[in-house]
Amino acid sequence: MIKCKYLLFVLLVIASCHHKMDRFYYYEKGATGVSGGVSYGGEAMKGVEVYLYRNTSLNFRGPADFMDVTDSRGEYFIDVPEGEYYIIARKRQSDRRSGPIKTGDYYSDPIYEPIIVRKGLTAKTDLRLKKLFGALIQKDSGQKKTDTSISGVIVDVDGVAVKGVYAFAYKDDDFQREPDFFSTSTDETGAFTLYFKEGGRYNIGAR
């Protein structure tokens with residue numbers, strides 16, 4: 001029997017298919033580009049680096065194609081040509097401007113749905129940051145949005161939501177290897193979502 005430190009409450013059936021989520025950005029007339037605000041815990045965050053990538057082939061690693069830094073109001077604007085872009089934000093606690101984020105840094109979850117930038121319109125989207133409390137799992141399987149998913153909340157033995165924890169899934173019963181799927185780390189509510197290409201039988205855990 002495997003003893004777990006955390007309890008996992010599943011809110012959705014694993015093989016359930018759901019409607020496509022509403023677009024996470026909207027348009028306003030103005031300059032061609034992307035703008036919005038960045039916050040953490042409901043507070044605007046200054047000095048956050050917001051990156052736009054033309055594609056996700058490198059899973060948001062390496063130099064971005066465009067970037068801006070939020071001002072004192074936590075706002076950013078990135079002037080870009082028409083096209084499709086993928087967005088992510090990071091705020092490091094040191095002077096580092098490259099490399100993976102480390103414990104204590106802030107980040108937004110990767111969004112694998114593109115922002116479509118149109119001429120004469122500003123695509124507006126707000127980003128909410130999480131704080132990294134442990135090692136960042138770089139494997140993206142389970143994080144790319146699909147129509148099949150499982151969502152839930154991770155709590156400790158006292159029923160308190162746990163932040164900085166990952167949900168994971170195996171396709172089989174071989175638990176002596178790296179899981180096949182990872183969620184992004186939980187925030188203060190303990191919420192997570194795991195995405196799958198198709199429904200089926202999976203073994204779910206958290207760490």
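One is the number of the first residue; the rest follow in order along the sequence. What you see is a predicted model; the values in this text were computed from it and never measured.
- Here Tyr27 pairs with Tyr25 under the ring-ring contact (aromatic ring centres under 6.0 Å, His included) rule; sequence neighbours left out.
- Between Asp105 and Lys131, no side-chain nitrogen of the basic residue sits less than 4.0 Å from a carboxylate oxygen of the acidic one, so the salt-bridge criterion is not met.
- In this view, Asp65 and Tyr53, Arg54 satisfy the side-chain contact (heavy atoms from CB on, under 4.5 Å) rule, not counting sequence neighbours.
- Checked by atom type and distance alone, the side chain of Thr146 never pairs as donor or acceptor with a backbone atom of Lys197 at under 3.5 Å.
- Side chain of Lys91 to backbone of Lys46: a donor-acceptor contact under 3.5 angstrom is found.
- Arg201 CZ to Lys171 NZ: the interatomic distance, rounded to the nearest 0.5 Å, is 14.0 Å.
- How far CZ of Arg118 is from CD of Glu82: 9.5 Å, rounded to the nearest 0.5 Å.
- Every residue meeting the side-chain hydrogen bond (donor to acceptor under 3.5 Å, both in side chains) condition with Thr193, not counting sequence neighbours, appears here in chain and number order: Ser151.
- Taking the six-membered ring where the residue is Trp, the centroids of Tyr76 and Tyr51 are separated by 6.0 Å or more.
- With Asn203 as reference, Asp173 is the one residue of Asp180, Asp172, Asp173 to meet the side-chain hydrogen bond (donor to acceptor under 3.5 Å, both in side chains) rule.
- Note on Ile116 and Ile78: same hydrophobic cluster, where clusters join Ile, Leu, Val, Met, Phe, Trp and Tyr whose side-chain heavy atoms are under 4.5 Å apart, directly or indirectly.
- By the side-chain hydrogen bond (donor to acceptor under 3.5 Å, both in side chains) test, Thr32 is found to be paired with no residue, residues two or more places apart in sequence or in another chain being considered.
- Checked by atom type and distance alone, the side chain of Thr122 pairs as donor or acceptor with a backbone atom of Ala31 at under 3.5 Å.
- By the 4.0 Å N-to-carboxylate-O rule, Lys130 lies too far from Glu188 to be salt-bridged with it.
- When the side-chain hydrogen bond (donor to acceptor under 3.5 Å, both in side chains) test is applied to Asp158, no partner is found at least two apart in sequence or on another chain.
- Qualifying ring-ring contact (aromatic ring centres under 6.0 Å, His included) partners for Tyr85, counting only residues two or more places apart in sequence or in other chains: Phe66.
- The salt bridge (Lys or Arg N to Asp or Glu O under 4.0 Å) check on Arg128 picks up nothing, with sequence neighbours excluded.
- Residues passing the side-chain contact (heavy atoms from CB on, under 4.5 Å) test with Pro63: none are found, sequence neighbours excluded.
- Residue pairs meeting the salt bridge (Lys or Arg N to Asp or Glu O under 4.0 Å) criterion with at least one partner in residues 28-44, sequence neighbours excluded, are Glu28-Lys124.
- Between the side chain of Glu84 and the backbone N or O of Ile115, no donor-acceptor pair lies under 3.5 Å.
- Looking at residues two or more places apart in sequence or on another chain, you find no salt bridge (Lys or Arg N to Asp or Glu O under 4.0 Å) involving Asp68.
- Looking at Ser108, its side chain never comes within 3.5 Å of a backbone N or O of Leu129 through a donor-acceptor pair.
- Using modelled atom types, one side-chain atom of Thr70 and one backbone atom of Gly47 make a donor-acceptor pair closer than 3.5 Å.
- Ring centroids of Phe181 and Tyr202 are separated by less than 6.0 Å, placing the two rings close together.
- Among residues two or more places apart in sequence or in another chain, the side-chain contact (heavy atoms from CB on, under 4.5 Å) test is passed with Asp79 by Phe77.
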